[in-house]
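Quick note: numbers below take in every heavy atom, side chains included, and nothing from hydrogens, waters or symmetry partners. Fair warning: this is a prediction, and the values are worked out from it, not measured in the lab. Order of the sequence lines sets the chain letters (A, B, ...), proteins ahead of strands, with each chain counted from 1.
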Amino acid sequence: MRRFFFPGYYSSPASKRTILLNIPPVEPGTVGPCPVAPDALQGIKRQQTNPARWNGAGWEPFVATLRAAGLDLAEGAAACGVYLTDAGGTACGLPHGVVLARSAGQIALLLKAAQAHRVPVTVRGGGLTTEGESVAFGGVLLDMTGMSRVLAIDAAALTVRTEAGIYWHSLAEELRRKNLDYLSAPLNLTSSVGGTLGVGGIDVNSARLGCSADQALSLQVVTPTGDVVECSDDENPELFQRVILGYGQFGIITEATLRLRPYTPLAMHYFYYSSLRTAIEDLQMLDRNDASDYSGILTIMDCAVNLLVAFDSAEREAAFRANWKSRLRGHGELGFGLCMAGHYALRPWKLREALYLLQRKRAVFPEFRRAEYMRDGKMHDRTVVFSRAVWKHWGSRNMVIPDLAMPADRFVEAVERGNAVCRKYFSHYTLYCVGIRLRPEHRPHYEMSCIPPGAEGWVYGCEFEPMIEGGVYSRDHFQAFKNAIYDIGLDLGGSYYRFGGMMKGYIRRVFGDELVERHLAMKRRADPAMILNRDVIF
Amino acid sequence: MPAFLAKVPAAPRDYSACSGCSLCLLVCPMWRSSHDPVFTPEGLAKALQCGATASELAAPIAACSLCGACDPVCPERIDLSGMIMDLRRRLANALPSDSPRPALLDELHARLQQGAPATAPVASRSVPVLLPGPVLRSDPALMAQVQALLGIAVFDDDGDDIALAIEVGVEIPQQRLHAFLDSLRGHSIVAADGLLLRQLRRWLPGSQRMGLGPALSTRAAVRSNLAPSDLYVIEPRAFHGDYERMVGYYDRLQRETGCSLSLDLQRIAIPASSSGLEHRLGLVPKRDVLRGVADDDVQARWLLQGRTPARIVVESLADRAAFGRVCDLPVVYLAELGEDPEMMKKFRHAFG
Ligand SMILES: Cc1cc2nc3c(=O)[nH]c(=O)nc-3n(C[C@H](O)[C@H](O)[C@H](O)COP(=O)(O)OP(=O)(O)OC[C@H]3O[C@@H](n4cnc5c(N)ncnc54)[C@H](O)[C@@H]3O)c2cc1C
Ligand code: SF4
Ligand code: SF4
């Protein structure tokens, strides 16, 4: 017998009866009572869980419709098992069946049948969400990676048209053969173009070039009712605005035209700080002055903070050396090593901390300098280097990465408070901070997204990444940690990269009832049976 | 020094450690031709985590070419090609003894039971020996050229039955295995079969071993004939089986000759062909079952996409055929490039 994860229900082995736990049902298409609102706290645990599994009503006739139309749908553990969870590993659910995306026409057919039979469809690209947004709790899982072809590269106009299920890395492999590169993408090899345009996409060059979603020029979208529509800022702009950064609520991105640039390897510089605040101030100073092509912060410990700065060209690097380098308050590796040695020599009781730092340095630093990824001292593919390092040293079957996206002036405070939360919940953790330059003409794209309402100029993002290190934590512990981080965003007027899925209770509190109701009304019009990516936002 | 500071290579892990990062999928030829996650090492690991059985996974297990590209990229250090070989063994063992089997399997069983062929003695234990494999053996002129270039003795028992058994999942009788390994002990080994080489690394840990490709490419005559306009196609199994060292070796080769290499952005060797089990057993691959995975030319086409080499130089004879099918460019086997006896000494670092 196939076993499904079935939150809210369990079978009593003695009686073989199914017992319904006392969880109030929430109709699809409604935003339920907010379980993290202050008035919701009395008597209930301050946490969220997986949504309830779809009950399967109408599945058989739905499948029959699809099969009669010649559409392939796979069922069973071998086909569905790979989709059990997302990168977060804390939300688990299995679809009733899986469809591999092959064309916009096939997806249109699927969505029409799904509307008619009221079968939920969960779209998945790389599945790198952490709150279960790309996990199907029953219904169909549509795997977009089946649509992974690059359709046309225009080297003169510096644009590419690609199917949206493609991984950024696969796109990079093709572009590199023509000495081209995309503008910015997550530092992760296996996020897809479509999944990223729907949520944001932050790179170490986002402080200069904006988020990945900003580089989309036009999209082919299959609407929830199965129409195939081309959209851009000029053509069907309302659809474009809702699909970009829209968490897959208003349509499935099947093709995208993206901006490109000539490929260049990176000259990297690392500066080390013992104060996070100082490092962030320096990062923001560099960004404001357009002093580098890439910038970001990665912490090893509270007292060991790395500011990375990188350049596409020798001219930009020379200008940095001449004008900005001396203003940075960080040290080189040797200088910082000596400072740390002095620091711990005077504090012998902190030996364990010193050993941990040494161990992380030995393990992690070489990853960023591996000979096979460097040529003539330059890094040849930042995403390969960073993504491999992230998975090797931070990855595990559970990844809990709450984040905050803040207006620049409130970022330091948010990060310092977030850091204190990390200290409370975990022994070791890492922070990753980058800036995102906003495009004023894209303001309509940013509505109800990871870009905080009203932000101007730059937004700063910080991911708080606890080191699980084989430790065993309860889901309650993870959830309480995430809530504590998200509360900071709420308090300081920020937003979040991952506000969907298990964190959707924050949506109303961050964006307010009026905006949420307006989007909900739009969603109901666009998706009458509320089948597309149910429970991610609505 | 505390243990955690020592650089001890950690032991490989099993499928239960898979975090679902999908890095293995990006390099997998099964994935490139199917774009179906079931046909990926990640798909196999995740399905096993969900309780799928080997027989439910028979199609991807059979479609895997054992190129080994997935092994070095896995951040959880899962021995993925080892996992697939293990699944093949499980499948083979689960087959009822009276079920119809390909003739090649019966032949293989008989050969393994028979034991080693009579081996002509090689002068001394310390001299290097060549395990050429059946494809090279079947072309005596080319074999003579290889021998002349390397100046080493050919080992009569080149273990091709053992290599085939590893690949198709047949149990190797202990007697046969020990006889083979005992005869090799003490020799430096040059092997054409990358999978056998990988296993020899485990079975004879102290020995010096090298793939035939790197061995030939150490020869000055070969190197001096490599040009910047060449696309040099690495034999993937030997490369991935000894990744850390090989990636350094080929970087030097590239720097010295200027040729471009068949490596991707993750510095993984792109296999030029992706034949799975059916092909190895001389069967016609069932395209409908494999959902398009059997298209062997996808890889060769991908290797050439956006590249304009004047010539393709291959380490593996099988790759010559794959390129021959998809382009009109001259395709040259490495040994056809030239000869020189002095270089092997200079490039001893390519031995492991
Ligand atoms: C280890 C790790 C590192 C990360 N690093 C970064 C980083 O550096 N920068 C960054 O920006 N993010 C990062 N992320 C987050 C992750 O990269 C993003 O969530 C990612 O871009 C999502 O892409 P995906 O293809 O995995 O989408 P999925 O997770 O598959 O989907 C995301 C959402 O979009 C929907 N969706 C998917 N495809 C489509 C489509 N074609 N059309 C419409 N809706 C769709 C899904 O239903 C889901 O709701 C990281 C995540 C992890 C786990
Ligand atoms: S050995 Fe090669 S074909 Fe097999 S799963 Fe790994 S990468 Fe794919
Ligand atoms: S690379 Fe390893 S951990 Fe990542 S998906 Fe593949 S098997 Fe799993």
Side-chain angles (χ1 to χ4, degrees), chain A residues 3 72 74 76-87 89 94 98 100-102 126-128 143 145-149 153 165 167 169-170 172-178 188-190 355 358-359 362 370-373 375 380-381 383-384 387-393 395-399, chain B residues 2 4-7 16-27 31-32 34-38 40 42-53 55-60 73-77 243-244 247-248 250-251 254-255 263-268 270 291 302 304-308:
Chain A
R3 283 184 304 146
D72 246 352
C80 298
V82 69
Y83 306 105
L84 174 69
T85 185
D86 59 4
L94 283 173
V98 172
L100 275 179
R102 295 299 184 197
L128 290 184
D143 182 342
T145 60
M147 286 181 74
S148 286
R149 284 174 309 152
I153 299 173
Y167 294 119
H169 178 68
S170 306
E173 288 275 9
E174 297 218 12
L175 294 175
R176 209 56 60 77
R177 301 261 175 108
K178 295 189 184 295
N188 203 307
L189 297 176
T190 52
L355 284 175
L358 202 58
Q359 181 247 336
R362 280 179 58 107
R370 288 177 71 104
E372 62 263 36
Y373 305 128
R375 289 284 175 294
H380 265 238
D381 192 292
T383 318
V384 167
S387 179
R388 288 176 60 103
V390 165
W391 281 109
K392 190 163 169 191
H393 295 286
S396 76
R397 285 185 66 178
N398 290 127
M399 290 182 89
Chain B
F4 70 86
L5 288 180
K7 279 195 171 166
S16 61
C18 173
S19 63
C21 71
S22 306
L23 296 187
C24 56
L25 170 155
L26 293 172
V27 297
W31 158 254
R32 178 161 291 282
S34 69
H35 283 147
D36 181 345
V38 168
T40 64
E42 176 187 11
L44 287 166
K46 286 283 171 196
L48 290 171
Q49 284 179 3
C50 281
T53 62
S55 46
E56 284 174 293
L57 301 171
V73 297
C74 178
E76 298 296 337
R77 304 186 318 275
Y243 178 73
E244 300 275 337
V247 79
Y250 284 101
D251 271 348
Q254 184 173 37
R255 269 200 303 276
L263 298 179
D264 67 11
L265 296 179
Q266 292 200 72
R267 313 291 292 164
I268 291 297
I270 303 171
R291 296 197 242 175
W302 163 235
L304 288 175
Q305 189 178 313
R307 298 189 209 246
T308 48

Just checking B/Arg307: does its CZ atom have more than 12 heavy atoms from other residues, nucleotides or ligands closer to it than 6.0 angstrom? yes
Look up atom CG in B/Leu263 and atom CD in B/Gln254, then write down how far apart they are to the nearest 0.5 Å. 7.5 Å
Let me know if A/Ala101 has heavy atoms under 4.5 Å from chain B in its side chain, its backbone, both or neither. neither
Is B/Gln266 close to chain A through its backbone or its side chain, or both, or neither, when contacts mean heavy atoms under 4.5 Å? both
Which one of B/Gly20, B/Cys18, B/Pro37 has the most heavy-atom pairs closer than 4.5 Å to chain A? B/Pro37
Please identify, among B/Leu57, B/Asp251, B/Leu23, B/Val247, the residue contributing the most non-hydrogen atom pairs under 4.5 Å to chain A. B/Leu23
Smallest heavy-atom separation, A/Gly89 atom then A/Asn398 atom, equals O-ND2, 3.0 Å
Checking A/Thr190 side chain against B/Ser22 main chain: does a donor-acceptor pair fall under 3.5 Å? no
Under 4.5 Å heavy-atom distance to chain B, tell me which part of A/Val82 shows up: side chain, backbone, both or neither. both
Show, in sequence, the C-alpha distance, side-chain angles and deciding distance for B/Tyr243 and B/Arg267, and conclude whether the side-chain contact (heavy atoms from CB on, under 4.5 Å) test is met. CA-CA 10 Å; B/Tyr243 178 73; B/Arg267 313 291 292 164; 3.4 Å; yes
Restricting to salt bridge (Lys or Arg N to Asp or Glu O under 4.0 Å), what partner residues turn up for A/Arg177, sequence neighbours left out? none
Under 4.5 Å to a heavy atom of chain A? For B/Leu265 that would be both
Is B/Leu48 close to chain A through its backbone or its side chain, or both, or neither, when contacts mean heavy atoms under 4.5 Å? neither
Contact leader toward chain B among A/Arg370, A/Arg397, A/Arg176, where contacts are heavy-atom pairs under 4.5 Å: A/Arg397
Which of the residues B/Ala17, B/Cys21, B/Gly43 is involved in the greatest number of heavy-atom pairs with chain A at under 4.5 angstrom? B/Cys21
Which answer fits B/Trp302, side chain, backbone, both or neither, if we ask what part of it has an atom under 4.5 Å from a heavy atom of chain A? both
Check: A/Arg388 side chain, A/Leu189 main-chain N or O, donor-acceptor pair, under 3.5 Å: no
